[in-house]
Undergrad: 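I have a structure here, written as structure tokens, and I will follow up with some questions on it.
Keep in mind the model is a prediction, meaning the values are calculated, not measured. Only heavy atoms go into these numbers, but all of them, side chains included; no hydrogens, no water, no symmetry mates. Sequence lines set the chain letters: A, B, ... in the order given, protein chains first and strands last, and positions in each chain run from 1.
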Protein chains: 2
Amino acid sequence: MSPVVQDAREHLSRAGIYPTSQRRALAGILFDRHQHLTADQVFEKARSKGIRVSRATVYNTLNLFVEKGLLREIFVNATHTFYDSNIHPHFHFYNVDEGCLTDMDGRIADDLILHKLPHGTVVEGVDVVVRVRNHS
Amino acid sequence: MSPVVQDAREHLSRAGIYPTSQRRALAGILFDRHQHLTADQVFEKARSKGIRVSRATVYNTLNLFVEKGLLREIFVNATHTFYDSNIHPHFHFYNVDEGCLTDMDGRIADDLILHKLPHGTVVEGVDVVVRVRNHS
DNA sequence: GGTATATATTAGAATTAATCCAAATCTAAA
DNA sequence: TTTAGATTTGGATTAATTCTAATATATACC
């Protein structure tokens with residue numbers, strides 16, 4: 001499977017993001033393929049690839065990417081936020097045993113969910129939150 | 001509107017929860033009416049009503065109530081968990097400006113949501129997470 | 001080039017929700 | 001009572017995230 005984004009520099013510039021070396025390096029990790037990563041996982045991946053970057057910059061960059069629409073935040077519990085490189089609307093399965101998030105393809109429906117469960121899992125709960133903000 | 005639960009002691013016992021005084025007092029707050037409260041809000045309400053209870057007990061009790069099916073947890077961001085006294089399946093609007101959660105009645109649907117928005121608000125995002133756990 | 005100006009990065013401290021812990025307290029039954 | 005088990009407690013701890021203030025980097029103007 002080819003990377004979601006071929007040219008990180010180009011991708012960032014088009015989103016109005018100044019393509020610094022750290023941002024390009026993190027983009028390289030995030031947009032390599034569709035995946036779900038926590039800030040800490042991004043930080044560790046960067047470190048293991050020899051990229052010199054601080055935790056603060058990882059958080060700054062992830063927030064910037066979210067703000068600019070390159071990433072989507074998904075809240076699964078009180079202490080974990082995943083950053084999803086797939087920004088198209090879709091739903092997720094969060095496995096509380098594994099601590100991992102997987103995509104559910106198709107549209108949500110009460111009975112549909114039960115037929116699309118990852119093999120060997122059972123539903124623990126469904127959270128639907130529509131986040132709104134006050135108009136202008 | 002009458003309280004969701006008339007007799008807290010009875011409600012707890014029926015759920016297999018030992019109805020200690022702290023638990024009855026917290027139940028009195030939580031099941032007074034349908035509402036969305038954070039652990040801290042429950043703690044503050046209890047304090048302002050003169051109930052002698054520790055933070056640890058508030059957390060213990062909320063977790064116990066969730067475990068026993070009296071409350072439902074809803075994750076809206078990385079540092080806030082609301083405890084909902086309405087355990088029937090339903091969806092929510094989370095206002096990021098106000099930091100409050102309100103009910104959306106009816107079933108979720110892409111176009112439906114837009115017609116049920118709280119007055120003066122716009123959609124910021126929709127999070128749907130189906131939490132699963134490994135079978136047995 | 002050289003200097004000013006704005007932006008980005010950094011390490012470490014601070015914050016905050018939530019949990020953990022070991023000691024103290026309560027309760028029910030014998 | 002005595003005892004055993006469950007509950008509550010305050011304070012310490014954890015972990016994700018943000019803040020801060022100093023440093024570094026890049027762009028613009030002369």
Side-chain angles (χ1 to χ4, degrees), chain A residues 8-9 12-13 15-29 36-47 50-68 70-71 73-84 94 96 99-101 127, chain B residues 8-9 12-13 15-29 36-47 50-68 70-84 94 96 99-101:
Chain A
R9 177 175 249 131
L12 299 184
S13 294
I17 295 169
Y18 193 92
T20 65
S21 72
Q22 284 89 343
R23 288 172 184 173
R24 277 184 283 120
L26 294 179
I29 291 170
H36 309 97
L37 298 172
T38 64
D40 200 58
Q41 288 170 338
V42 173
F43 179 70
E44 289 304 332
K45 275 208 177 198
R47 278 297 171 91
I51 298 166
R52 268 197 72 261
V53 69
S54 69
R55 266 210 171 70
T57 297
V58 170
Y59 278 104
N60 289 342
T61 302
L62 290 172
N63 286 336
L64 181 66
F65 286 6
V66 169
E67 187 189 321
K68 296 296 187 181
L70 302 185
L71 291 176
E73 284 175 306
I74 301 155
F75 308 120
V76 294
N77 73 22
T79 48
H80 271 84
T81 304
F82 282 85
Y83 293 86
D84 189 356
Y94 177 62
V96 294
C100 71
L101 201 66
D127 293 329
Chain B
R9 176 175 250 132
L12 299 184
S13 294
I17 295 168
Y18 192 91
T20 65
S21 73
Q22 284 88 344
R23 289 173 183 170
R24 278 183 284 122
L26 294 179
I29 291 170
H36 309 97
L37 299 171
T38 64
D40 201 57
Q41 288 170 339
V42 173
F43 179 69
E44 290 303 333
K45 276 209 177 198
R47 279 298 171 91
I51 298 166
R52 267 196 74 259
V53 70
S54 69
R55 265 209 173 70
T57 297
V58 170
Y59 279 105
N60 289 344
T61 302
L62 290 172
N63 287 336
L64 180 66
F65 285 6
V66 168
E67 189 189 319
K68 296 296 187 179
L70 301 186
L71 291 176
R72 226 160 55 91
E73 284 175 304
I74 302 154
F75 308 118
V76 293
N77 73 22
T79 48
H80 273 85
T81 304
F82 282 83
Y83 293 86
D84 189 355
Y94 177 62
V96 294
C100 69
L101 200 66

Undergrad: With a non-hydrogen cut-off below 4.0 angstrom, is B/Arg55 in contact with a base, only sugar-phosphate, or nothing?
TA: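 Nothing: the residue B/Arg55, judged by heavy atoms under 4.0 Å, touches no strand.
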Undergrad: I want to verify a distance call: between D/dT18, C/dA18, D/dT9, whose nearest atom is closest to the B/Ala56 side chain?
TA: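 The answer is D/dT9.
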Undergrad: Please tell me if A/Thr20 has a side-chain N or O lying less than 4.0 Å from either OP1 or OP2 of C/dT7.
TA: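 Answer no for this pair, as no side-chain N or O of A/Thr20 is under 4.0 Å from OP1 or OP2.
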Undergrad: Rounded to the nearest angstrom, tell me the gap between atom CZ in A/Arg47 and atom P in C/dT10.
TA: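 After rounding, the gap between these two atoms is 9 Å.
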Undergrad: Name the nucleic acid region contacted by B/Thr57, choosing base, sugar-phosphate or nothing; use a 4.0 angstrom heavy-atom cut-off, strictly under.
TA: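 If one applies the 4.0 Å heavy-atom cut-off, B/Thr57 turns out to touch a base.
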Undergrad: Using atom CG of B/Asn63 as one end and atom P of C/dA17 as the other, report the distance to the nearest whole Å.
TA: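 Spelled out: CG on B/Asn63 to P on C/dA17 is 15 Å.
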Undergrad: Quick one: which residue pairs count as a salt bridge (Lys or Arg N to Asp or Glu O under 4.0 Å) with a foot in residues 18-28 of chain A, not counting sequence neighbours?
TA: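 Listed once each, the pairs would be none.
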Undergrad: Please report, rounded to the nearest Å, how far the P atom of D/dG10 is from the CG atom of B/Asn60.
TA: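 My rounded result for the distance is 12 Å.
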Undergrad: Do the side-chain N or O atoms of A/Gln22 get closer than 4.0 angstrom to the phosphate oxygens (OP1, OP2) of D/dT25?
TA: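 For D/dT25, OP1/OP2 do not have a side-chain N/O of A/Gln22 under 4.0 Å.
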Undergrad: Got a sec, which pairs hit salt bridge (Lys or Arg N to Asp or Glu O under 4.0 Å) with one end in residues 50-65 of chain A, sequence neighbours left out?
TA: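 Listed by first then second residue: A/Asp40-A/Arg55.
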Undergrad: Can you check the A/Ile51 CD1 to C/dT9 P distance for me, whole Å?
TA: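 Atom-to-atom, A/Ile51 to C/dT9, this comes out as 13 Å.
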Undergrad: Can you measure B/Arg52 atom CZ to D/dT7 atom P for me and round it to whole angstrom units?
TA: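 Those two atoms, CZ and P, are 18 Å apart.
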Undergrad: Let me know the distance between CZ of B/Arg24 and C1' of D/dT8, rounded to the nearest Å.
TA: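 Taking atom C1' of D/dT8 as the reference, CZ of B/Arg24 is at 14 Å.
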Undergrad: Starting from P on C/dA18, measure out to CG on B/Leu62 and report it in whole angstrom.
TA: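 About 9 Å, once rounded to whole Å.
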Undergrad: Indicate for each nucleotide in nucleotides 22-30 of chain C, in 5' to 3' sequence, whether protein heavy atoms under 4.0 Å reach the base (B), only the sugar-phosphate (S), or nothing (-).
TA: -----SS--
Undergrad: Starting at CG of A/Leu26 and ending at C1' of C/dT10, how long is that distance when rounded to a whole Å?
TA: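 Between C1' of C/dT10 and CG of A/Leu26: 14 Å.
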